[in-house]
Asks: 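Handing you this structure, nothing more for now.
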Amino acid sequence: MQLSEQEIVRREALQKIIDMGINPYPAEAFSVNYTSTEIVENYELSENNFQDVHIAGRLMMKRIMGKASFAELQDAHGKIQLYIARDEICPGEDKSLYNDLFKKLLDIGDIIGVKGHAFVTKTGQTSIHVEELKLLSKSLKPLPIVKEKDGEVYDAFTDPELRYRQRYVDLIVNPEVRKVFEMRSKLTNAMRSFMTDSGYLEVETPVLQPIYGGAAARPFTTHHNTLDQKFYLRIANELYLKRLIVGGFDGVFEFAKDFRNEGMSRFHNPEFTMMELYVAYKDIYWMMDYFEEMVEYVAQAVSGSTEIQVGENLINFKRPWKRYTMYGAIKEFTGEDVSTLDEAGMRAVAKKLHVPIEENMGRGKLIDEIFGEKVESLLIQPTFITDYPIEMSPLAKKHRSEEGLVERFEVICNGKELCNAFSELNDPIDQRERFEKQIELGKRGDEEAMVLDEDFLNALEYGMPPTAGIGVGIDRLAMIMLNQNSIQDVLFFPQMRNV
RNA sequence: GAUCGCGUAGCUCAGUUGGCAGAGCAUCUCCCUUUUAAGGAGAGGGUCCUGGGUUCGAGCCCCAGCGCGAUCACCA
């Protein structure tokens with residue numbers, strides 16, 4: 001391994017620290033009694049508090065001025081300035097703790113613990129007057145140095161490849177990145193508590209599945225040695241959650257890592273998080289209300305408002321959201337009434353609207369293309385689209401009144417699909433026929449056609465109550481609510497090519 | 001998978017017509033007891049992504065490859 005000049009210097013410093021009799025990686029705990037932000041935010045309010053502060057974190061800046069110095073300590077919550085005077089951390093004759101350890105051997109990035117008292121400097125900055133200093137962990141790699149003045153950031157660590165491959169560095173030096181992930185956690189917590197408060201059960205279902213199902217996608221495959229059997233990483237957990245509804249639970253949900261062996265883009269990572277919820281004795285109209293309420297609640301919890309600025313758009317999650325049928329939305333945005341057209345008529349409309357189509361597309365696919373090309377990107381505010389063509393929805397119940405459609409809705413927001421929901425198909429005969437149609441599509445070369453799951457049909461044959469189900473793309477929801485442009489910015493460790 | 005762009009010091013970036021490899025921060029040495037993008041004086045640090053080619057001479061031009069990004073394709 002080729003070491004840079006700075007890395008060599010740090011290894012030499014490490015050895016000198018050991019030579020001084022100091023363990024650079026001590027085993028014992030360093031108990032902390034305050035965090036940086038607690039002190040900074042509350043010092044003025046409680047003048048006499050914080051006189052015995054134990055605080056630990058990463059050394060982020062040293063400003064040495066001879067026999068006294070300032071430094072910046074960063075803990076999990078923020079930064080606080082340290083004031084270190086030689087004669088206070090070295091009250092005796094031996095000044096080596098200050099002159100050697102602090103001034104020369106401690107580097108930016110080292111993890112230290114200090115004891116001291118809070119005070120305010122001449123220039124008005126709340127700081128810790130250090131009385132004791134202890135090295136807790138020596139850092140051997142130089143950190144990127146990010147500077148800031150008057151809210152302006154200089155030399156920010158921005159190379160996306162380095163940021164994603166070494167997210168730990170990104171998190172150390174880019175506080176706004178930490179913030180995004182803290183808010184993502186808030187988001188999922190808010191959803192979780194909303195559903196738990198409704199009385200629904202959070203469950204876990206298999207990631208390794210002998211038959212993949214619940215979505216149309218190409219799977220990852222793997223092999224179990226003992227069983228000598230092929231397994232797939234799940235592309236969805238839909239069919240397992242429905243088995244649990246058959247089993248008698250009236251509401252189950254799971255935050256699931258799903259895996260799809262497909263292209264990557266700023267909206268696609270090969271592994272991603274989907275939240276699926278199934279509630280017995282409900283239909284899509286109930287689910288629309290429930291989802292609307294949940295997202296409004298989540299927006300409030302995450303940002304303290306139902307209005308969120310996303311790029312150039314101000315998105316308002318306050319209920320009620322606009323609702324269109326798919327035909328209605330096409331009519332509204334293109335002026336074309338396609339509801340009564342046959343396949344040929346649909347093809348003619350697609351051509352007229354300059355929607356690129358292929359000869360083998362059926363009526364349902366044509367509708368989907370027209371909607372995707374001409375309507376979807378125009379829907380910025382959260383909008384319900386209901387009543388999808390049956391060909392695209394093999395797990396959704398037939399529409400209660402419209403031939404050729406199913407009871408399904410999606411919510412489109414910021415031009416992208418946010419969720420997908422059905423009144424779940426619970427007729428086992430119908431479900432078998434839909435699977436068989438998928439098998440034919442598969443034989444005709446559709447690599448994403450669904451596979452027949454005999455055990456799932458077996459479960460349906462025992463009887464599943466009428467059920468509403470929804471799948472929510474958590475990464476995409478996070479992108480919108482946290483105003484992030486790429487899925488990579490809401491995943492700690494986005495997939496990268498191995499180097 | 002296609003097209004375009006990018007890859008230079010630990011980080012952020014310059015690099016002219018092809019002519020000695022540059023800056024700021026960081027690092028090292030020295031000075032400095034209320035600084036804060038601390039300051040002052042000095043110094044060191046390079047596989048210019050990799051491999052070929054053209055040329056007297058390549059960071060720069062050409063070819064191939066690798067990695068990243070953007071857009072598209074794919075993606076319920």
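Quick caveat: nothing in here was measured; it's all calculated off a predicted structure. Proteins get letters first, then strands, A, B, ... in listed order; numbering begins at 1 in each.
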Asks: For A:Pro270, which contact category applies under a 4.0 Å heavy-atom criterion: base, sugar-phosphate, or nothing?
Replies: nothing
Asks: For salt bridge (Lys or Arg N to Asp or Glu O under 4.0 Å), just list the numbers for A:Lys242 and A:Glu424, CA-CA rounded to whole Å, side-chain angles, deciding distance to a tenth of an Å, and then say yes or no.
Replies: CA-CA 9 Å; A:Lys242 285 184 189 170; A:Glu424 301 296 338; 2.7 Å; yes
Asks: Which whole-number value in Å describes the distance from A:Met264 CE to B:C68 P?
Replies: 8 Å
Asks: Applying salt bridge (Lys or Arg N to Asp or Glu O under 4.0 Å) to A:Glu131 and A:Lys115, what does each step give before you reach the verdict?
Replies: CA-CA 6 Å; A:Glu131 290 148 15; A:Lys115 299 181 184 178; over 6 Å; no
Asks: If you look at every strand shown and take non-hydrogen atoms under 4.0 Å, does A:Gln488 touch a base, only sugar-phosphate, or nothing?
Replies: sugar-phosphate
Asks: Kindly point out which of B:A76, B:U12, B:G10 is positioned nearest to the side chain of A:Glu417?
Replies: B:A76
Asks: Whether A:Arg63 contacts B:A38 is assessed here as follows: a side-chain N or O lying under 4.0 Å from the phosphate OP1 or OP2. Is that the case?
Replies: yes
Asks: Does the base of B:U34 carry an N or O that pairs as donor and acceptor with the side chain of A:Gln125 under 3.5 Å?
Replies: no
Asks: Between the protein and nucleotides 46-49 of chain B, which nitrogen or oxygen pairs are less than 3.5 angstrom apart?
Replies:
none

Asks: Which whole number of Å gives the distance between the C1' atom of B:A21 and that of B:G45?
Replies: 12 Å
Asks: Quick check: on RNA chain B, is the nucleotide nearest A:His129 upstream (toward 5') of the one nearest A:Lys365, or the reverse? Name the residue that is more 5'.
Replies: A:His129
Asks: For A:Ala216, report the nucleic acid contact type (base, sugar-phosphate, nothing); a contact means any heavy atom under 4.0 Å.
Replies: base
Asks: Suppose you measure atom C1' in B:G44 against the same atom in B:G10; what distance do you get, rounded to whole Å?
Replies: 14 Å
Asks: Could you tell me which non-hydrogen atom of A:Lys398 sits nearest to which non-hydrogen atom of A:Glu407, and how far apart they are?
Replies: O-CG, 3.7 Å
Asks: Can you tell me the distance, in whole Å, between the CG atom of A:Leu3 and the P atom of B:A9?
Replies: 17 Å
Asks: Does the protein touch nucleotides 23-28 of chain B at the base, only the backbone, or not at all? Give it as B, S and - per nucleotide, heavy atoms under 4.0 Å.
Replies: -BSBSS
Asks: For B:A64, what is the paired nucleotide under Watson-Crick or G-U wobble rules, both distances under 3.5 Å?
Replies: B:U50
Asks: Distance between the P atoms of B:U16 and B:C60, in whole angstroms?
Replies: 11 Å
Asks: Base, sugar-phosphate alone, or nothing: which one does A:Asp87 contact when heavy atoms must sit under 4.0 Å apart?
Replies: base
Asks: Just grab all the salt bridge (charged side-chain N to carboxylate O under 4.0 Å, His left out) pairs involving residues 370-392 of chain A, residues at least two apart or on different chains.
Replies: none
Asks: Does A:His399 have any ring-ring contact (aromatic ring centres under 6.0 Å, His included) partners at least two apart in sequence or in another chain, and if so, which?
Replies: none
Asks: By ring-ring contact (aromatic ring centres under 6.0 Å, His included), which residues pair with A:Tyr290, not counting sequence neighbours?
Replies: A:Phe194, A:Tyr200, A:Trp286
Asks: Classify the side chain of A:Thr121 and the base of B:U35 as holding, or not holding, a donor-acceptor pair under 3.5 Å.
Replies: yes
Asks: Assign A:Glu448 to base, sugar-phosphate, or nothing according to its heavy-atom contacts below 4.0 angstrom with the strands shown.
Replies: sugar-phosphate
Asks: Answer with base, sugar-phosphate or nothing: what part of the nucleic acid does A:Phe119 contact at a heavy-atom distance below 4.0 Å?
Replies: base
Asks: If pairing requires Watson-Crick or G-U wobble contacts with both distances under 3.5 Å, which nucleotide is the partner of B:U55?
Replies: none
Asks: Does A:Thr158 reach a base, just sugar-phosphate, or nothing at all? Heavy atoms under 4.0 Å.
Replies: sugar-phosphate
Asks: So, under a plain 3.5 Å distance rule, would you say the side chain of A:Tyr154 forms a donor-acceptor pair with the base of B:U12?
Replies: no
Asks: Is there a Watson-Crick or G-U wobble partner for B:C72 with both distances under 3.5 Å, and which nucleotide is it?
Replies: B:G1
Asks: To the nearest Å, give me how far apart CD (A:Glu152) and P (B:U12) are.
Replies: 18 Å
Asks: Counting only heavy atoms not in A:Glu403, do more than 12 fall under 6.0 Å of its CD?
Replies: no
Asks: Using OP1 and OP2 only, check whether a side-chain N or O of A:Arg497 sits under 4.0 Å from B:C68.
Replies: yes
Asks: For residues A:Asp258 and A:Ala236, report the shortest heavy-atom separation together with the two atoms involved.
Replies: OD2-CA, 3.5 Å
Asks: Considering only the C1' atoms, how many Å lie between B:G46 and B:U8, rounded to the nearest integer?
Replies: 8 Å
Asks: On a whole-Å scale, what distance lies between the P atoms belonging to B:U3 and B:G65?
Replies: 11 Å
Asks: In a check of side-chain hydrogen bond (donor to acceptor under 3.5 Å, both in side chains) between A:Asp107 and each of A:Lys62, A:Gln6, A:Lys138, which one passes?
Replies: A:Lys138
Asks: Measuring only the P atom in each nucleotide, how far is B:C72 from B:A38? A whole number of Å is fine.
Replies: 42 Å
Asks: Give the nucleotide from the list B:U33, B:C68, B:U35 with an atom nearest to the side chain of A:Glu161.
Replies: B:C68
Asks: Applying salt bridge (Lys or Arg N to Asp or Glu O under 4.0 Å), can you list everything that pairs with A:Asp155, at least two apart in sequence or on another chain?
Replies: none
Asks: To the nearest Å, how far apart are A:Phe267 CZ and B:A76 P?
Replies: 15 Å
Asks: Work out how far the C1' atom of B:A23 is from that of B:G15, and round it to whole angstrom.
Replies: 10 Å
Asks: Choose from B:A76, B:A73, B:C68 the nucleotide whose nearest atom is closest to any side-chain atom of A:Ser265.
Replies: B:A73
Asks: As a test of understanding, state which of A:Arg243, A:Arg434, A:Arg432 forms a salt bridge (charged side-chain N to carboxylate O under 4.0 Å, His left out) with A:Asp453.
Replies: A:Arg243
Asks: In the strands shown, is B:G42 matched to any nucleotide by a Watson-Crick or G-U wobble pair with both distances under 3.5 Å, and which?
Replies: B:C28
Asks: To the nearest Å, give me how far apart CD (A:Glu369) and P (B:A76) are.
Replies: 11 Å
Asks: RNA chain B: A:Arg476 or A:Ser4, which has the more 5' nearest nucleotide?
Replies: A:Ser4
Asks: Is there a Watson-Crick or G-U wobble partner for B:U16 with both distances under 3.5 Å, and which nucleotide is it?
Replies: none
Asks: What contact category does A:Met274 fall into here, base, sugar-phosphate, or nothing, at under 4.0 angstrom with non-hydrogen atoms?
Replies: nothing
Asks: With rounding to the closest Å, how many angstrom separate the P atoms on B:A26 and B:G40?
Replies: 11 Å
Asks: Can you list the steps and then say if A:Arg408 with A:Glu410 is a salt bridge (Lys or Arg N to Asp or Glu O under 4.0 Å)?
Replies: CA-CA 7 Å; A:Arg408 169 177 174 181; A:Glu410 292 190 0; 2.8 Å; yes
Asks: Base, sugar-phosphate, or nothing: which does A:Phe157 touch, judged by heavy atoms less than 4.0 Å apart?
Replies: sugar-phosphate
Asks: Are any of A:Arg266's side-chain N or O atoms less than 4.0 Å away from OP1 or OP2 of B:U71?
Replies: yes
Asks: Using whole Å, report how far CD1 of A:Ile385 lies from P of B:A76.
Replies: 18 Å
Asks: Which part of the nucleic acid does A:Arg165 contact within heavy-atom distance under 4.0 Å: base, sugar-phosphate only, or nothing?
Replies: sugar-phosphate
Asks: Can you tell if the side chain of A:Met288 reaches within under 4.5 Å of the side chain of A:Thr386, non-hydrogen atoms only?
Replies: yes
